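Accompanying notes for the structure given below.
It should be emphasised that the depicted structure is a prediction, and the values quoted were computed from it without experimental measurement.
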Amino acid sequence: MKASALLMSSAMLLGLAACDTAKQTQESGTQATSERVTNMASMEKNGIRLTPFNDSPKNPEAQLQLKSPVTGSTVPSGSVSFDYDITNFQLTKMTGGMHSEEMANSEKGQHIHNIVDNEPYTAHYTTEFTKPIADGQHVVLSFLSRSYHESLKHRGAYDLRVITVGNAAATPLNADLKAPHLFYSRPKDTYSGKDAAKVMLDFYLVNTTLSPEGNKVRATINGTEFMLDQWAPYMMEGLPAGQNTIKLELVDASGNLIPGPFNSVTRNFTLQP
């Protein structure tokens, strides 16, 4: 009887120890995840704070493929028809996570950002749509977007190509798609109420990476310069009411602008608290 009781007591102690170890491991993993996010340090100048974040829901298997217009094709003048294949990503679904509550969020859910010649994007919630594009050659960037307009940044989530609409001679284009490119995405238009407190800065890079020792994005916000050395969305806080201006430039390690038709872009947006 004593031996049996001793064995039972030992088993209970071992079980408790195993549970405690599992709990410690779980807590340690949670803490490590939190540290990975919070260690992405904020930058603050002249009352403007920029904080990078990487804790949005991940969709590493999401894939976007533009079926038409095909690369290098010529399509008739007027509205251009776009047709995509999308896998492992649901358009019109609301993206989960904390950021869906703290920044401007599309009521229509997840979508495609379609950018022509680095002009302001159009958002699309179906895989087929038409869009008016002027005659000439154009660079078209498409990528998958969370409902709060943050881009998915892995290789399969975007498409970049040149198309010709109508008369190619109208606006000839000289763009090397193998060169480094910077495309502007957010912010855009007007933010009001709680959406004006935290505004996301997001851009898209092709054929380049950012690092403290290498290429960077120089973001000049209302005249205040920030050097961004990681490709991530940034939460902007402390912006004044009214019109705000952002200039983005893709620069090398010495701060020189990298040649390219889209690597310097300036946009205005408005806050209405």
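The shortest side-chain heavy-atom distance between Leu64 and Phe143 does not fall under the 4.5 Å cut-off. Using a 4.5 Å heavy-atom cutoff, the side chains of Asn59 and Leu144 are not in contact. Leu210 places a side-chain heavy atom less than 4.5 Å from the side chain of Leu250. Lys153 places a side-chain heavy atom less than 4.5 Å from the side chain of Asp202. No side-chain heavy atom of Thr127 sits less than 4.5 Å from a side-chain heavy atom of Lys67. Taking the side chain as every heavy atom from C-beta outward, Val80 and His138 never approach each other to under 4.5 Å.
Note that CG of Asn263 and CG of Leu182 are 5.5 Å apart. Values are rounded to the nearest 0.5 Å.
Under the rule for a side chain to side chain donor-acceptor pair (under 3.5 Å), the partners of Lys198 that lie at least two apart in sequence or sit in another chain are Glu102. Applying the side chain to side chain donor-acceptor pair (under 3.5 Å) rule to Glu150 yields the partners Ser56, Arg146; only residues at least two apart in sequence or on another chain are considered.
Between Lys178 and Asn207, the shortest heavy-atom distance links the atoms C-ND2, 3.2 Å. The shortest heavy-atom contact between Met236 and Leu50 is CG-CD1, 3.8 Å.
Using modelled atom types, one finds no donor on one side chain facing an acceptor on the other under 3.5 Å when comparing Asp83 with Ser68. One side chain, Ser77 or Asp135, offers a donor N or O that lies under 3.5 Å from an acceptor on the other. A side-chain donor-acceptor contact under 3.5 Å links Asn114 and Tyr84. A donor-acceptor contact closer than 3.5 angstrom links the side chains of His113 and Ser185.
If you run side-chain hydrogen bond (donor to acceptor under 3.5 Å, both in side chains) between His111 and each of His124, His149, Lys93, only His149 comes through.
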